[in-house]
Structure formats: structure tokens, C-alpha cells
Amino acid sequence: MLDPFDIKLLAALQQNSELTQSELSQKVNLSATQCARRLERLRNEQYIQSVVAILNPVKLGFTVVAHTLVSLRAHTEGGNERLHRFIETAPEILECYSQTGDADFLMKVMTRDLDHLSQFLERMIRVTDNLASVKSSIVLKTLKKTTALPLQILT
């Protein structure tokens, strides 16, 4: 179980994973030793999956984000396998969810431009060869984007 100190510790790390032990202990009101012990336990228990750098996509030249709904014609072992392999290896796919509803999959796709998105979609259709429909919605403006989980609702 997580106690309020664990939740404060995780919340502080979500905001800035580069905090020093001293800064972290001040934020959560624990000694540096207690903080280090808790942090080690949270890592061992896999509450913390990884620590990464979040890059600026616009600065790197990625200007198009598309949410793409994919429906399959049939759920065959070979067709599913080809699509899963494509999903795992396509660098443009940032996230992909198997889901209920009108479409089988929801993908978050990022590309340099619309031409690159078109090439990606054509490649996906050609490689998987079992798609009933593909519908993409282009993001015009990001209103909210976070990687932080809503830890405040746990308390």
C-alpha cells in the first residue's frame, strides 16, 4: 500500500525527476535517508516504471499528430500478427490501444508532415492487408498534454 508520503514522493518525481535527494526530501518532508529507502522500494515494486526525458516534438520537426482508428476485416491469427508486428515496429506510432466500440484499435501517430502521414498510412495498409477501415483525425491544437497520473485522487 502507498501512504501519503509515497504519493507525495511519486507526485514530486512526476513533476521533476531530476530533483536531488535533498530537494526531494524537502518537498515530501522526509529525511534524505527515508526518502532514498522509499524511492528504492517504489522502484523495486515497479510503481516507477522508468525515468525518461520528454523531448520537444516541434523543435525536432514533428508537426503532425493524428489519432487513427483502425478496424479489421477479420480477426485471423495471421492478420492480427502482421498488424501487431507493424504496430510494434512503426516508429510513427507513439501509442496504440486495442479497444471496444466502432474501431478495433486507436493509434496516436506522429509524423514530420502530412506527406509523411500519407506514406505511413499507405505502408500500414499495404503491410497489414486486413484492414476494413482507417480513419485519421489531425490534431489542430493541443489543449492539455501530461504524462502525470492523477495521484491526488488516491488520497
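What you see is a predicted model; the values in this text were computed from it and never measured. Heads up: numbering here begins at 1 and tracks the sequence.
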Using 4.0 Å as the upper bound for N to carboxylate O, is an ion pair formed by E92 and R123? yes
Do the side chains of T142 and V139 get nearer than 4.5 Å, heavy atoms only? yes
T128 side chain to M124 backbone, donor-acceptor under 3.5 Å: yes
Given salt bridge (Lys or Arg N to Asp or Glu O under 4.0 Å), test E81 with R85 step by step and report yes or no. CA-CA 6 Å; E81 189 176 299; R85 196 170 336 123; 3.3 Å; yes
Basic-acidic side-chain contact under 4.0 Å: D6, R38: yes
Do R73 and L131 make a side-chain contact, defined as non-hydrogen atoms from C-beta onward lying under 4.5 Å apart? no
Any L72 side-chain heavy atom under 4.5 Å of F105 side chain: yes
Check this for me: N44, atom CG, are more than 12 non-hydrogen atoms of other residues, nucleotides or ligands nearer than 6.0 Å? yes
For a 4.5 angstrom cut-off between non-hydrogen side-chain atoms, does Q99 reach D104? no
Above 12 or not: heavy atoms from other molecules or residues under 6.0 Å from CD of E45? yes
Not counting sequence neighbours, which residues clear ring pair (Phe, Tyr, Trp, His ring centres under 6.0 Å) with F120? List them please. F86
S136 side chain vs T68 backbone, donor-acceptor pair below 3.5 Å: no
Between L60 and L94, is there a shared hydrophobic cluster once you connect ILVMFWY residues whose side-chain heavy atoms come closer than 4.5 Å? yes
C96 and I93: which non-hydrogen atoms are nearest, and at how many Å? CB-CG2, 4.0 Å
Do Q15 and K27 have side-chain heavy atoms sitting under 4.5 Å apart? no
In short, N130 meets G79 closest at the heavy-atom pair ND2-CA, 4.0 Å
Nearest heavy atoms of L19 and A12, plus distance in Å: CD1-O, 4.0 Å
Is Y97 reachable from I87 through a run of I, L, V, M, F, W or Y residues, each pair having side-chain heavy atoms under 4.5 Å apart? no
Straight-line distance of L13 CG to R43 CZ, nearest 0.5 Å: 7.5 Å
Kindly give the heavy-atom pair with the smallest separation between M1 and R41, and that separation in Å. O-NH1, 4.4 Å
Quick one, T63 and R112 - any side-chain contact, counting heavy atoms below 4.5 Å? no
Does any non-hydrogen side-chain atom of L151 lie less than 4.5 Å from one of Q14? yes
How about M107 and H67: do any of their side-chain heavy atoms sit closer than 4.5 Å? no
Any link between V52 and I48 through a network of hydrophobic side chains (Ile, Leu, Val, Met, Phe, Trp, Tyr) touching at under 4.5 Å? no
In the single-linkage hydrophobic clustering (I, L, V, M, F, W, Y; side-chain heavy atoms under 4.5 Å), do V28 and L42 co-cluster? yes
Donor-acceptor pair, side chain of S25 and main chain of Q21, under 3.5 angstrom: yes
What heavy-atom pair brings L39 and L9 nearest, and what distance separates the two atoms? N-CD2, 3.9 Å
Any chance CD of Q46 has more than 12 other-residue heavy atoms, nucleotides or ligands included, within less than 6.0 Å? no
Please report the interatomic distance CG(L154) to CG(L2), rounded to the nearest 0.5 Å. 7.0 Å
Roughly how far, to the nearest 0.5 Å, is OG of S98 from NE2 of H84? 6.5 Å
Which pair of heavy atoms, one from Q34 and one from L30, lies closest together, and at what distance? OE1-CD2, 3.4 Å
Atom pair CD1 (I7) and OH (Y47), whose distance is rounded to the nearest 0.5 Å: 9.5 Å
Answer yes if V109 and V65 sit in the same cluster of Ile, Leu, Val, Met, Phe, Trp and Tyr residues linked by side chain heavy atoms under 4.5 Å apart, and no otherwise. no
Once side-chain hydrogen bond (donor to acceptor under 3.5 Å, both in side chains) is applied, do any residues pair with E23, and if so which ones, sequence neighbours excluded? T20
Would you compute the distance between atom CZ of F5 and atom CG of N29 and round it to the nearest 0.5 angstrom? 7.0 Å
